Amino acid sequence: MSSLTDISWEEFSALPLKAKRPYLEGKNGMPYHTLFAQQFDRELLERLCNLANRIRFINKSKEGALYLKNLLTHKRAMLYFSQPSSRTFLSHLNACQLLGLTTSSVRDAATSSEAKGESKTDTVRTFSSYVDMIIMRCPEKGLAEQMAWELSNSDRPIPILNAGSGKDQHPTQALLDIYTLIRSFETKGGLDGRTVVFCGDLLRGRTVRSLSYLLTNFNDVKQIFVAPKELQVPEDVIEILKEKGVSYEISDDLKAATKVADAVYMTRIQDEWDESKGESAKIDTSRFKFGAEELALLKPDGCILHPLPRRDEIATCCDHDPRAMYWRQMRNGMWIRAALIASVFGLEDEIMNCGY
Ligand code: NCD
């Protein structure tokens, strides 16, 4: 088995994503460090979804909930979020609590010694002194990866879980999106052969890059990217689709795409990444919103997803439609993150085979 202790940071960081995967693996092929979507193939995704279902079921009874809560009482996790977050923070926190982990958090770098000039590397190493896992969200692409290497090569090698790295990746969001899609199509013939439409800011939305990759693990899933040309999906995402022979389309017509969609994945304009003030506001995004007209075009068993938060890209008139899955996505996020954290700590078999 390869490990991050076998390779220099320079060599590791230069590897293509898929080649990095073996260095990040823990027991049973599950990730030890969870950094990007390319660490998950279909087998792992199905195992994680099964485990999430199992945890969800066990937690229904008080005895089951107590069993889960007892599993990781001897472990502590740190949530280090230097970018705003509601769902990702709370669902990880609650996933930890479900499994009995004690948690601590820093939610604003201004309140940590970074404000005194401490480097990010020193900051993360400091956190690692106290805990057994770090769940981190940061504006810097690649920082979670670098920290994983640093910690694996330190005297306190603990796992890193990437809860959003720059404009780059958001692997656990993609896991909950896949879990939601799998559940949505469970009794309707499954996810294979479906058409997924991505709409909005596809250039800077990290959830899109991660989910687009995860979907390539399924058979004949077509991807349609609907966005204003300034915010269209970046070339690296398309390169992967070409490499894997996945069928895709670039479009600026949400209505036409909705008609053929099984799932529509809406995203917010990520204007926090604007290079000059008001840059995004100059782009005409009016045709990239999902409202009553689009809802009327969506297939009866289609679904609407959104990583949230939304602004006005999904009209509130869609909120009570049974095809609106964005509320369920949030709760699914807690179960799939609990499944991932349990797997990182080697508990998959124990939970799958317990008597509850
Ligand atoms: C996303 C994020 O932060 O990348 N939200 C989330 O994690 N649920 C998307 C967004 O902020 O628009």
Side-chain angles (χ1 to χ4, degrees), residues 34-37 52 79-96 105-109 135-145 160-181 196-214 225-228 231-234 236-237 263-274 279-281 283 285 288-290 303-314 319 324-338 340-341:
T34 307
L35 304 178
F36 37 78
L79 289 96
Y80 170 44
F81 277 55
S82 59
Q83 278 186 303
S85 174
S86 303
R87 281 147 285 264
T88 308
F89 180 83
L90 285 172
S91 61
H92 276 110
L93 181 73
N94 282 282
C96 287
S105 64
V106 164
R107 299 206 59 180
D108 181 356
I135 302 166
M136 62 183 279
R137 163 172 287 195
C138 57
E140 298 87 356
K141 176 182 174 182
L143 183 65
E145 197 172 311
I160 292 271
L161 211 156
N162 176 9
S165 53
K167 288 176 268 188
D168 189 37
Q169 287 257 358
H170 195 347
T172 67
Q173 176 70 42
L175 290 175
L176 79 86
D177 296 334
I178 282 287
Y179 183 44
T180 304
L181 287 168
V196 178
V197 170
F198 290 92
C199 178
D201 190 341
L202 310 184
L203 179 66
R204 302 173 293 186
R206 53 193 171 194
T207 68
V208 173
R209 176 176 284 101
S210 294
L211 179 58
S212 170
Y213 181 82
L214 286 194
F225 300 98
V226 183
L231 301 175
Q232 254 305 352
V233 71
D236 65 300
V237 174
V264 179
Y265 190 90
M266 296 299 298
T267 62
R268 171 178 71 85
I269 303 301
Q270 311 269 317
D271 50 13
E272 65 270 38
W273 299 108
D274 279 1
E279 187 185 318
S280 297
I283 301 171
T285 55
F288 304 93
K289 299 183 201 290
F290 197 98
C303 55
I304 315 158
L305 284 84
H306 193 309
L308 300 178
R310 78 169 151 189
R311 288 180 182 160
D312 60 353
E313 58 277 353
I314 300 181
D319 289 0
M325 288 297 151
Y326 32 98
W327 310 117
R328 294 202 189 169
Q329 271 171 279
M330 293 189 269
R331 194 158 170 85
N332 287 342
M334 178 175 73
W335 302 120
I336 201 82
R337 283 166 173 141
L340 179 66
I341 294 166

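Every number for a ligand or one of its atoms is a count from 1 in the order of the listing. Values in this document were obtained by computation on a predicted structure and should not be read as measured data.
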Subject >> Separation between NE2 of H170 and CG of N162, rounded to the nearest 0.5 Å >> reply: 8.0 Å
Subject >> By ring pair (Phe, Tyr, Trp, His ring centres under 6.0 Å) - contacts of F81 (at least two apart) >> reply: F89
Would you tabulate the polar-atom pairs, meaning N/O of ligand 1 against N/O of the protein, with distances under 3.5 Å, reported to 0.1 Å?
{"residue": "ligand 1", "atom": "3 (O)", "partner": "R137", "partner atom": "NH1", "Å": "3.2"}
{"residue": "ligand 1", "atom": "3 (O)", "partner": "R137", "partner atom": "NH2", "Å": "3.2"}
{"residue": "ligand 1", "atom": "3 (O)", "partner": "R206", "partner atom": "NH2", "Å": "3.0"}
{"residue": "ligand 1", "atom": "4 (O)", "partner": "R206", "partner atom": "NE", "Å": "2.7"}
{"residue": "ligand 1", "atom": "4 (O)", "partner": "R206", "partner atom": "NH2", "Å": "3.4"}
{"residue": "ligand 1", "atom": "5 (N)", "partner": "L308", "partner atom": "O", "Å": "3.0"}
{"residue": "ligand 1", "atom": "7 (O)", "partner": "T88", "partner atom": "OG1", "Å": "2.9"}
{"residue": "ligand 1", "atom": "7 (O)", "partner": "R137", "partner atom": "NH2", "Å": "2.9"}
{"residue": "ligand 1", "atom": "7 (O)", "partner": "H170", "partner atom": "NE2", "Å": "2.7"}
{"residue": "ligand 1", "atom": "8 (N)", "partner": "Q173", "partner atom": "OE1", "Å": "3.2"}
{"residue": "ligand 1", "atom": "8 (N)", "partner": "P307", "partner atom": "O", "Å": "2.9"}
{"residue": "ligand 1", "atom": "8 (N)", "partner": "L308", "partner atom": "O", "Å": "3.0"}
{"residue": "ligand 1", "atom": "11 (O)", "partner": "R268", "partner atom": "NH2", "Å": "2.8"}
{"residue": "ligand 1", "atom": "12 (O)", "partner": "R268", "partner atom": "NE", "Å": "2.8"}
{"residue": "ligand 1", "atom": "12 (O)", "partner": "R268", "partner atom": "NH2", "Å": "3.1"}
{"residue": "ligand 1", "atom": "12 (O)", "partner": "Q270", "partner atom": "NE2", "Å": "2.9"}

Subject >> CZ/R331: more than 12 non-hydrogen atoms of other groups inside 6.0 Å >> reply: no
**OP:** Check the surroundings of atom CZ in R328: do more than 12 heavy atoms from other residues, nucleotides or ligands lie under 6.0 Å from it?
**Re:** no
Original post:
Sequence neighbours excluded, which residues qualify as ring pair (Phe, Tyr, Trp, His ring centres under 6.0 Å) partners of F36?
Top reply: none
Original post:
Can you list every salt bridge (Lys or Arg N to Asp or Glu O under 4.0 Å) pair that touches residues 196-207, not counting sequence neighbours?
Top reply: D201-R204, R204-D274
